[in-house]
Amino acid sequence: MQAITVRDRDAGPAGISLTDMPYPHAAPGDVIVRVHAAGFTPGELDWPSTWTDRAGRDRTPSVPGHELSGVVVELGPGTAGPSVGQRVFGLADWTRNGTLAEYAAVEARNLAPLPADIDHTVAAALPISGLTAWQGLFDHGRLTTGQTVLIHGAAGAVGSIAVQLAHEAGARVIGTGRASGRDRALALGVDTFIDLRTEKIEDAGEVDVVLDVIGGDILDRSAALVRAGGTLVSVVMPPRVKPKDGRAVFFVVEPDRARLVDLATRLRDGRLTPVVGAVRPLAEAPAAFAPGERTPGKTIIRVTGD
C-alpha cells in the first residue's frame, strides 16, 4: 500500500515522503480501515510517539496522522463491534502507524459509526478537534451555562468547534485570533473577538475558563484573567503561570467513542460545523507539513474516493 512515512527525526518536513509500506496487521481488538480521508497535526514531528513505540524503541519508518474516516475491511482476532463494510471514523493510537495511508490498523473501541450522509472529508476533521474541544471545555474546564469562556485560536480547527460547543451550552464566548478569522469566529458564536496582533487579551476581563491552543506568552498572560474558582486549560504545554485562586490543567486528548457518536449527531443536526481548510491528495501530504503552510481550519488528506 502507499503511505506517508517519516524516517529521519532531524530532517523535519524534508524527511517526509510517499512510499510503499506493507499492508497493516490486525491484532486482537483491531480493525483494518480502508482510509478515505485523514487528518494530522502539524506538530506531530516533535512528538516522541511519532518515532518510538510504548517501550521507547525506534519504530521508523513510521506513518503519521491520527484521525481517519473510512470503511472497515478486516477484523482482528476476537474483535467485536464494527463489521466489515461499515463506515467509521475515529482516533488512531499515538504510538502506532497512523492514518496517512491507504489502510490503517486501529483499535475498534476508538472508532465510531459514521452515518451515510456525512462525508468522509468532514468526518476526518472531527476526532482530534472535536474531542479536544469537548474535553477541554467540559471535562477539564467544567464550563457551565452562564459562565464566560475565553477561547484562543477561535477560528482554528479546535477553537472553532469549542466556540460552537460553548455557545450551545449557554456560555458567553470571547474568542481570540488573527483579524482574518474575526468574521468566521463571530458567525460560529463568539460574542466578543480580540485580535491578538492589535488588541490586548487583558481586555477580555475576568473569565471562568480559558481554553488555550497557542501556549507561550499568551498562555502565561491568560492566568491573570481567570477569576476565583475558574480554570486555565491548555493543550499545548503545562501552564507556567497559575491562576491565583483557580486551577491550571494541561491535557492530551483521549479517545472517546461515545463522544464521537454525540459529535456526529450534532453535525447531522446542523449544530456543529468543523472548519475544513485545504483538502489535498495523499501525494501532497508532505507539503502540508511545511512550516509556512497555513490554511484556515483543518487540512484534510483525501486518500481514497467514495
Side-chain angles (χ1 to χ4, degrees), residues 33 35-44 65-70 87-94 98-99 104 106-107 109-115 117-143 149 151-169 171 173 175 177 181 184-185 187-190 209 211-213 233-236 249 251-279 295-301:
V33 177
V35 182
H36 285 241
F40 66 95
T41 302
E44 286 184 35
H66 296 283
E67 296 165 286
L68 84 165
S69 181
R87 302 172 89 242
V88 293
F89 76 113
L91 190 60
D93 193 287
W94 305 119
T99 60
V106 186
E107 289 187 71
R109 63 181 179 175
N110 294 342
L111 297 171
L114 179 66
D117 55 353
I118 298 179
D119 184 81
H120 287 294
T121 300
V122 176
L126 200 53
I128 288 181
S129 298
L131 292 177
T132 298
W134 184 278
Q135 292 168 15
L137 289 174
F138 304 115
D139 295 344
H140 299 291
R142 304 173 185 173
L143 183 69
V149 58
I151 298 173
H152 292 308
V158 174
S160 60
I161 291 181
V163 166
Q164 295 172 76
L165 294 174
H167 177 75
E168 185 183 28
V173 183
R184 181 181 305 107
L188 292 173
V190 163
V209 178
L211 178 59
D212 168 68
V213 298
V233 182
S234 177
V235 299
V236 180
V249 178
F251 79 99
V252 176
V253 63
E254 297 182 358
D256 187 333
R257 183 179 183 274
R259 185 56 58 196
L260 286 175
V261 171
D262 173 75
L263 291 170
T265 299
R266 292 167 184 268
L267 195 155
R268 294 184 74 194
D269 293 345
R271 294 180 289 147
L272 185 66
T273 303
V275 178
V276 176
V279 179
T295 59
K298 183 84 173 180
T299 295
I300 297 298
I301 303 302

For [X] versus [Y], what's the shortest heavy-atom pair and its separation?
| X | Y | result |
| --- | --- | --- |
| A123 | S69 | CB-OG, 3.5 Å |
| A154 | A185 | CB-CB, 4.2 Å |
| I300 | A37 | CG2-CB, 4.0 Å |
| A264 | P115 | CB-CD, 4.4 Å |
| A166 | V173 | CB-CG2, 3.8 Å |
| F138 | L165 | CZ-O, 3.9 Å |

**Asked** Given the rule in the side-chain contact (heavy atoms from CB on, under 4.5 Å) test, do I151 and V190 qualify, once you have shown the distances and angles that lead to the verdict?
**Response** CA-CA 9 Å; I151 298 173; V190 163; over 6 Å; no

**Item:** Residues which pass side chain to side chain donor-acceptor pair (under 3.5 Å) with Q135, listed by chain and number, not counting sequence neighbours
**Value:** none

Rounded to the nearest 0.5 Å, what separation is found between the [atom1] atom of [X] and the [atom2] atom of [Y]?
| X | Y | atom1 | atom2 | answer |
| --- | --- | --- | --- | --- |
| T273 | R184 | OG1 | CZ | 12.0 Å |
| R87 | H36 | CZ | NE2 | 8.0 Å |
| L91 | R109 | CG | CZ | 11.5 Å |
| D93 | T99 | CG | OG1 | 12.0 Å |
| E254 | N110 | CD | CG | 10.5 Å |
| H66 | F40 | NE2 | CZ | 11.5 Å |

Side-chain touch [X]/[Y], heavy atoms, less than 4.5 angstrom:
| X | Y | answer |
| --- | --- | --- |
| W134 | I161 | no |
| L111 | L68 | yes |
| L272 | L126 | yes |
| I118 | R268 | yes |
| R266 | Q164 | no |
| P274 | K298 | no |

**Test side chain to side chain contact (heavy atoms under 4.5 Å, CB included) applied to V213 - qualifying residues, sequence neighbours left out** = V158, V235

**Request:** Kindly determine whether T265 and R271 satisfy side-chain contact (heavy atoms from CB on, under 4.5 Å), including the steps that lead there.
**Result:** CA-CA 9 Å; T265 299; R271 294 180 289 147; 4.2 Å; yes

**Asked** Is the backbone of G43 close enough, under 3.5 Å, to the side chain of T41 for a donor and an acceptor to pair up by distance?
**Response** no

**Request:** Test side-chain contact (heavy atoms from CB on, under 4.5 Å) on L188 and V275 and set out the steps.
**Result:** CA-CA 10 Å; L188 292 173; V275 178; 4.2 Å; yes

**Prompt:** Is any side-chain N of the basic residue among D262 and R259 closer than 4.0 Å to the acidic one's carboxylate O?
**Reply:** yes

